[in-house]
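Only one structure is covered here, and it is reproduced in the block below.
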Amino acid sequence: MLEELSTPRSVQTQNTKEKIYKAAVDIIKKKGYEYLSISNICKVAHISNGTFFYHFKTKEDLLSYYLRERFIKYRQEHHFQVEGLPFDKKIVEYYYCYTSYVEDNGIDFIANYYTPKNSALNTRIYHEDNPQLMYEFVRCCLQEAEEQHLIKSEHTATFYAETCCMIIKGIVFEWALSGGKVNMHEMIDMILQTFLESIKADR
């Protein structure tokens with residue numbers, strides 16, 4: 001009898017979003033970013049254009065899904081926890097988690113996802129309706145540190161957060177460029193931690 005129960009709408013919605021996203025990933029891996037059009041996504045996912053636009057406003061909104069819901073789910077599954085850590089250690093642990101997530105998605109996908117044509121990677125575009133980007137967590141950590149006078153006042157917390165994102169995007173790009181030979185966690189230790197140390201307020 002249980003198999004006859006109807007699927008809740010929330011589950012249907014999530015399943016459809018995942019289906020659309022997986023179709024986009026398949027296109028990116030096999031054909032490259034240039035082939036990632038809404039019409040091609042709909043063909044691969046076997047859905048109508050209307051179904052796509054019901055779940056995502058634009059192609060960029062779909063690509064932000066990788067940085068947003070899927071990464072939130074990944075953090076939950078891997079029991080991400082940074083409570084009680086200093087602000088810089090929170091940020092480092094966050095990006096350890098993100099780069100592990102990147103590795104799990106594979107070079108074929110990441111090498112095509114990390115392109116200047118993908119505006120979903122533009123951390124300067126603030127998404128009021130979808131604030132859970134990899135940038136937002138870091139900005140909140142730095143804003144809290146700013147309020148506690150733990151970081152230098154030469155720049156804003158937003159500027160420092162954008163700089164952190166630039167560093168991470170560079171590390172991920174080098175990882176993809178090297179065919180996975182670059183150790184991203186080591187690069188975070190060498191580059192990001194050095195930057196975070198440099199913005200701490202003098203005591």
Side-chain angles (χ1 to χ4, degrees), residues 17-37 40-41 44-45 56 59-82 85 88-125 127 130 132-139 141-142 160-198:
K17 288 177 81 171
E18 280 291 312
K19 182 179 180 181
I20 295 168
Y21 176 76
K22 286 175 181 176
V25 169
D26 198 38
I27 292 168
I28 289 173
K29 282 183 175 179
K30 294 178 180 177
K31 301 295 287 185
Y33 186 88
E34 292 74 16
Y35 283 80
L36 192 68
S37 64
N40 282 343
I41 292 168
V44 173
F56 298 102
K59 181 175 75 174
E60 288 70 28
D61 186 34
L62 166 60
L63 292 172
S64 292
Y65 182 66
Y66 165 80
L67 296 171
R68 197 172 61 239
E69 282 98 328
R70 286 185 66 87
F71 184 40
I72 291 171
K73 183 179 178 182
Y74 183 88
R75 296 201 309 271
Q76 291 169 344
E77 289 171 348
H78 289 78
H79 310 291
F80 176 75
Q81 180 60 257
V82 292
L85 293 178
D88 55 325
K89 297 303 180 187
K90 286 182 181 179
I91 293 170
V92 167
E93 289 296 327
Y94 187 76
Y95 282 135
Y96 280 164
C97 185
Y98 176 70
T99 49
S100 294
Y101 172 60
V102 165
E103 288 177 342
D104 285 358
N105 278 273
I107 289 174
D108 288 343
F109 172 68
I110 297 299
N112 285 293
Y113 185 88
Y114 270 74
T115 169
K117 295 176 182 176
N118 181 2
S119 64
L121 289 168
N122 187 349
T123 49
R124 289 179 177 80
I125 300 175
H127 300 269
N130 292 313
Q132 291 286 352
L133 300 171
M134 64 172 182
Y135 154 79
E136 182 63 12
F137 175 90
V138 176
R139 189 191 67 80
C141 288
L142 288 163
Y160 289 137
E162 288 174 352
T163 303
C164 288
C165 284
M166 282 191 277
I167 291 169
I168 292 302
K169 283 185 279 191
I171 289 171
V172 172
F173 181 79
E174 283 298 324
W175 172 79
L177 201 62
S178 72
K181 293 177 183 176
V182 166
N183 186 313
M184 289 191 280
H185 286 199
E186 286 183 0
M187 291 298 102
I188 288 171
D189 292 342
M190 289 174 60
I191 304 170
L192 181 65
Q193 291 214 65
T194 300
F195 170 71
L196 290 172
E197 196 63 35
S198 75

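We number each residue from 1, following the sequence as shown. For clarity, every value in this text was computed on a predicted model and none was experimentally measured.
Side-chain contact between Val92 and Tyr96 is present, with heavy atoms from C-beta onward closer than 4.5 Å. The closest side-chain heavy-atom distance from Glu174 to Lys181 is not below 4.5 Å. In this structure, the side chains of Asn118 and Asn112 stay at 4.5 Å or more apart for every pair of heavy atoms. The closest side-chain heavy-atom distance from Ile91 to Leu142 is below 4.5 Å. Counting only heavy atoms from C-beta outward, the side chains of Ser100 and His185 approach each other to under 4.5 Å. Contact of the Met184 side chain with the Val172 side chain is registered, since non-hydrogen atoms from C-beta on lie closer than 4.5 Å.
In terms of heavy atoms, Val44 sits closest to Ala23 at CG1-CB, 3.7 Å. Closest approach of Cys164 to Leu192, counting heavy atoms only: SG-CD1, 3.9 Å. Summarising the geometry of Gly106 relative to Trp175, their closest heavy-atom pair is C-CH2, 4.1 Å, with the distance given to 0.1 Å. Contact detail for Met190 and Thr194: the closest heavy-atom pair is O-OG1, 2.5 Å.
Residues passing the side-chain hydrogen bond (donor to acceptor under 3.5 Å, both in side chains) test with Tyr21, sequence neighbours excluded: none.
Using modelled atom types and a 3.5 Å distance limit, the side chains of Ser37 and Asn40 yield a donor-acceptor pair.
Here the straight-line distance linking atom NZ of Lys59 with atom OG of Ser119 works out to 8.5 Å at 0.5 Å rounding. To the nearest 0.5 Å, atoms CG (Leu62) and NZ (Lys17) are separated by 9.5 Å. Between Thr99 atom OG1 and Asp104 atom CG the span is 10.0 Å, to the nearest 0.5 Å. Going from atom NE2 of His78 over to atom OH of Tyr101 covers 11.0 Å, rounded to the nearest 0.5 Å. Rounding to the nearest 0.5 angstrom, the gap separating the CG atom in Leu63 from the CG atom in Leu36 is 5.5 Å.
Crowding of Phe109 atom CZ: a count of heavy atoms from other residues, nucleotides or ligands under 6.0 Å exceeding 12.
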inquiry  = Let's go through Tyr160 and Phe195 carefully: what are the C-alpha distance in whole Å and the side-chain angles of both, what is the deciding distance for side-chain contact (heavy atoms from CB on, under 4.5 Å) to 0.1 Å, and is it a yes or a no?
reply    = CA-CA 9 Å; Tyr160 289 137; Phe195 170 71; 3.8 Å; yes
Show me, pair by pair, the donor-acceptor contacts under 3.5 angstrom made by side chains of residues 28-35, not counting sequence neighbours?
| from | atom 1 | to | atom 2 | distance (Å) |
| --- | --- | --- | --- | --- |
| Lys30 | NZ | Asp26 | OD1 | 3.2 |
| Tyr33 | OH | Lys117 | O | 3.1 |
| Glu34 | OE2 | Lys117 | NZ | 3.4 |

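Between Phe137 and Tyr94, the angle of the ring planes stays under 30°, which puts this pair in the parallel group of the 30/60° scheme. Using a 30° and 60° split on the angle between ring planes, Tyr95 and Tyr98 fall in the perpendicular class, above 60°.
The cationic atom of Arg75 (NZ for Lys, CZ for Arg) lies less than 6.0 Å from the six-membered ring centre of Phe71 and within 45° of the ring axis.
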